[in-house]
Amino acid sequence: MTPPTTENPFTLGVASGDPLPDSVVLWTRLAPRPHDVGNGLPAQGSVPVEWELAADETFRRVERSGTVAAPAQDNHTVHLDVRGLRPGRVYWYRFRAGQWISPVGRTRTAPAGDAAPEEARFGLISCQQYDEGYYTALRHLADEELDAVFFVGDYMYENAINAQAGARKYTTPIPDFYNHWTVDLDDFRQRYALYKTDPDLQAAHAAHPWYVTWDDHEVENNYAGDISQDNLPVDVFRARRAAAYRAYWENMPLRSAQRPNGPDMRLHRRFQYGRLAQFDILDTRQYRSDQAYGDGWRYPGPESEDPARTLTGDEQERWLLDGFHASTALWNVVPQQVCFSQRKETTAARSKLSMDAWDGYPASRRRVLDGVQRAGIANLVVLSGDDHVHYAFDIKDDFDDPDSRTLGVELLGTSVSSGFDGDEKPDDWEAMTAANPHMKYYDGRRGYVVFSLGPDRLRADFRTLPKVTTPGAPVSTAATFVSEAGDPGLVPD
């Protein structure tokens, strides 16, 4: 093994994720020089990293400890699957390499399989383009009392970052290395290093365990399966996707089961949260059909409505529907990437829809909703991101009929920073709210969602910030909605 570095290697913080009743993943990445390719560590071998997990934040009651290797082939990252833990418990953890001790992280295991928690609180976040705003929302998220966080896509962006451009240009020097689009493995690894140097992102990871999934910008905007938005040759794009997937796995608190095989990585996975909830985390990028009509907002027609089109791929769709049938949970939560509910631009009978969201794959959505009804799922909750605005939707059996049955609710959280500051009422606010009566809320500012699940109801608090282009903005609750268990539908609280 390589001797520990003489410089502080814990510049990118710590994280935990994918909690089970008896296990949680602990993560760190050694990077004494985070902006250098290779991070200032040898290109071969591994570095020994000691770790401790304790029942108290002072580490007087250490319950697990050991030494793990941070191998060069994994960019000196650690993915430690700690087993034998107690369910529903808070733990603290830290790492050590030589003389250097990492920041302390706080995590929590899931409840026991037969447990029925009185309440569980979660955060919903997405879309954190580094050069479009500060991560103030994540600092506030770190201070929330949460059981876990769901991150539903666009953790990083592939765009070139010019040191003289963007929201951070006056206060945060950005090395010239980042002034090009991400293409190869070094590019993607270093882009994650840039993002993870942010202290607010580090604080949010250290405060809560995360369940993560990706969207498009972790590879390339609006890609679909093997199809590049820029129409790159398939072999060229698959090489880029392989690099992106590898760097994603390295930098997220994921188990070895998610380690990619070239350009393929199984990211959809299922978690039980006692008897209270089942989480079916989806991947709507890797297996989807190409967007209809060249992507963008288009009028629907035979191409988009082709029943063979899929957003999830056949295998993942069967996995999801089988999971609905087997579920015994009170709440069935589906964290995924893009808007699930219908969004019409105008009140006209025929209106343009987003070909990148579920509106561009209506047959795929219909199969999911039919599966919900066949399985008798009474409390469906879809979590989404991507749009850089807050939305709250009732999920209708027939979105064109406001009186049709409500099958569940969708919470679509705004961005952490993407889109700069945003506006409370964007230019299309009146048109969109009039055209979509199942849309219960629309706010274009930055922020996040805190939602709680209990035996009687779901509660969702939509947090917003007045600015992200300058640091230190306060957070407030712009709106609160509830949905009663067994009687889905969002109402203001």
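Positions are given from 1, in the same order as the sequence printed here.
The residue from Q128, H388, E132, R446 that alone fulfils the side-chain hydrogen bond (donor to acceptor under 3.5 Å, both in side chains) condition with S415 is R446. Of the candidates D280, D18, D283, T213, R269 forms a side-chain hydrogen bond (donor to acceptor under 3.5 Å, both in side chains) with just one, namely D18.
F324 places a side-chain heavy atom less than 4.5 Å from the side chain of N332. The shortest distance between side-chain heavy atoms of V25 and L80 does not fall below 4.5 Å. Contact annotation: the side chain of F393 never approaches that of F399 to less than 4.5 Å [non-hydrogen atoms, C-beta and beyond]. V491 has its side chain out of reach of K440: every pair of non-hydrogen atoms, C-beta onward, lies at least 4.5 Å apart. No side-chain heavy atom of L26 sits less than 4.5 Å from a side-chain heavy atom of V78. At least one side-chain heavy atom of W51 sits less than 4.5 Å from a side-chain heavy atom of V68. Contact annotation: the side chain of V338 approaches that of D215 to within less than 4.5 Å [non-hydrogen atoms, C-beta and beyond]. Side-chain contact between L124 and V152 is present, with heavy atoms from C-beta onward closer than 4.5 Å.
Counting only distance, with no hydrogens or angles, the side chain of N379 and the backbone of G486 share a donor-acceptor pair below 3.5 Å. Without hydrogens or angle criteria, R463 side chain to Y448 main chain gives no donor-acceptor distance under 3.5 Å. Judged by distance alone, with hydrogens and angles left aside, the side-chain atoms of D359 form a donor-acceptor pair with the main-chain N or O of R343 at under 3.5 Å. With T109 contributing its side chain and P19 its backbone, the two residues share no donor-acceptor pair below 3.5 Å. Between the side chain of N436 and the backbone N or O of K344, at least one donor-acceptor pair lies under 3.5 Å. Here the side chain of H208 pairs a donor or acceptor atom with the backbone of L141 at under 3.5 angstrom. Under the 3.5 Å distance criterion, the side-chain polar atoms of H217 are left unmatched by any main-chain donor or acceptor of E158. Not one N or O on the side chain of S126 forms a donor-acceptor pair closer than 3.5 Å with the backbone of G153. Remark: side-chain polar atoms of R191 are not paired, donor with acceptor, to backbone N or O of W181 under 3.5 angstrom. For the pair T406 (side chain) and D394 (backbone), a donor-acceptor distance under 3.5 Å is absent.
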For residues 227-235, tabulate all N or O donor-acceptor pairs below 3.5 Å that involve a side-chain atom, not counting sequence neighbours.
from : atom 1 : to   : atom 2 : distance (Å)
S228 : OG     : E220 : OE1    : 3.0
S228 : OG     : E220 : OE2    : 3.0
S228 : OG     : D230 : N      : 3.0
S228 : OG     : N231 : N      : 3.4
Q229 : OE1    : N221 : ND2    : 3.3

Atom pairs and distances, side-chain donor-acceptor, residues 422-431, under 3.5 Å, sequence neighbours left out:
from : atom 1 : to   : atom 2 : distance (Å)
D428 : OD1    : Y442 : OH     : 2.5
W429 : NE1    : Y442 : O      : 2.9

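Contact check on R366 versus D370 returns a salt bridge, with a Lys/Arg side-chain nitrogen under 4.0 Å from an Asp/Glu carboxylate oxygen. Electrostatic pairing of D356 and R288 counts as a salt bridge here, judged by a charged N lying under 4.0 Å from a carboxylate O. By the 4.0 Å N-to-carboxylate-O rule, R405 lies too far from D397 to be salt-bridged with it. Between D398 and K396, no side-chain nitrogen of the basic residue sits less than 4.0 Å from a carboxylate oxygen of the acidic one, so the salt-bridge criterion is not met. R29 and E250 are not joined by a salt bridge, as no carboxylate oxygen comes within less than 4.0 angstrom of a charged side-chain nitrogen. No salt bridge links E303 with R298; every basic N to acidic carboxylate O contact stays at or beyond 4.0 Å. Under the 4.0 Å criterion applied to side-chain N and carboxylate O atoms, R259 and D74 are assigned as salt-bridge partners. Remark: D81 engages R255 in a salt bridge, criterion side-chain N to carboxylate O under 4.0 Å. For the pair R189 and D187, the salt-bridge criterion is not met [side-chain N within less than 4.0 Å of a carboxylate O].
Taking the six-membered ring for Trp and thresholds of 30 and 60 degrees, Y130 and Y135 have ring planes more than 60 degrees apart, a perpendicular arrangement.
When all heavy atoms are compared, the tightest approach of G489 to S483 is N-OG, 3.1 Å. A110 and Q272 make their closest contact through CB-O, 4.2 Å (heavy atoms, listed as atom of the first residue, atom of the second, distance). Nearest heavy-atom pair across Y195 and M156 is CE2-CA, 3.4 Å. Here the closest heavy-atom approach between residue D131 and residue F420 is recorded as O-CE2, 4.1 Å. Considering every non-hydrogen atom in both A142 and A207, the closest pair reads O-CB, 3.5 Å. When all heavy atoms of W92 and V90 are compared, the pair lying nearest together is CH2-CG1, 3.6 Å.
Between the CG atom in N222 and the CG atom in D216 there is a gap of 5.0 Å [rounded to 0.5 Å]. With values rounded to the nearest 0.5 angstrom, T312 atom OG1 is found 10.0 Å from W319 atom CH2. Rounded to the nearest 0.5 Å, atoms CZ (R365) and CD1 (I395) are 9.5 Å apart. Taking CZ of R445 as the reference point, atom OG1 of T464 lies at 3.5 Å (rounded to 0.5 Å). Separating the CG atom in L453 from the CZ atom in R121 is a distance of 11.0 Å, to the nearest 0.5 Å. Rounding to the nearest 0.5 Å places OG1 of T28 at 11.0 Å from NE2 of H205.
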Query raised in the report: Hey, mind stepping through S418 and Y157 against side chain to side chain donor-acceptor pair (under 3.5 Å) and telling me if it holds?
Result: CA-CA 10 Å; S418 304; Y157 283 67; 2.8 Å; yes

Query raised in the report: Does the side chain to side chain donor-acceptor pair (under 3.5 Å) test come out yes or no for S384 and Q337, once each step is laid out?
Result: CA-CA 5 Å; S384 313; Q337 295 73 19; over 6 Å; no

Query raised in the report: Which is it for Y441 and D443 under the side chain to side chain donor-acceptor pair (under 3.5 Å) test, yes or no, and what are the steps along the way?
Result: CA-CA 7 Å; Y441 182 59; D443 189 314; 2.9 Å; yes

Requested in this report: Please report the C-alpha distance between R459 and D493 in whole Å, then the side-chain angles of each, then the deciding distance to 0.1 Å, and finally whether the salt bridge (charged side-chain N to carboxylate O under 4.0 Å, His left out) criterion is met.
Outcome: CA-CA 8 Å; R459 174 189 168 106; D493 187 45; 3.0 Å; yes

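Residues F279 and Y211 place their aromatic rings such that the two centres sit under 6.0 Å apart. Aromatic ring centroids of F150 and F122 lie under 6.0 Å apart. Y192 and F188 have their aromatic ring centers separated by at least 6.0 angstrom.
The stretch residues 347-377 participates, sequence neighbours left out, in these ring pair (Phe, Tyr, Trp, His ring centres under 6.0 Å) pairs: F340-W358.
Side-chain contact check for Y391 and T414: no donor-acceptor pair (N or O, by modelled atom type) lies under 3.5 Å. Counted by atom type alone, S341 and E410 present one or more donor-acceptor pairs between their side chains at under 3.5 Å.
Both the sub-6.0 Å distance and the 45° axial angle are satisfied by K196 relative to the ring of W27. For the pair R285 and W214, the cation-pi criterion (under 6.0 Å, within 45° of the ring axis) is not fulfilled.
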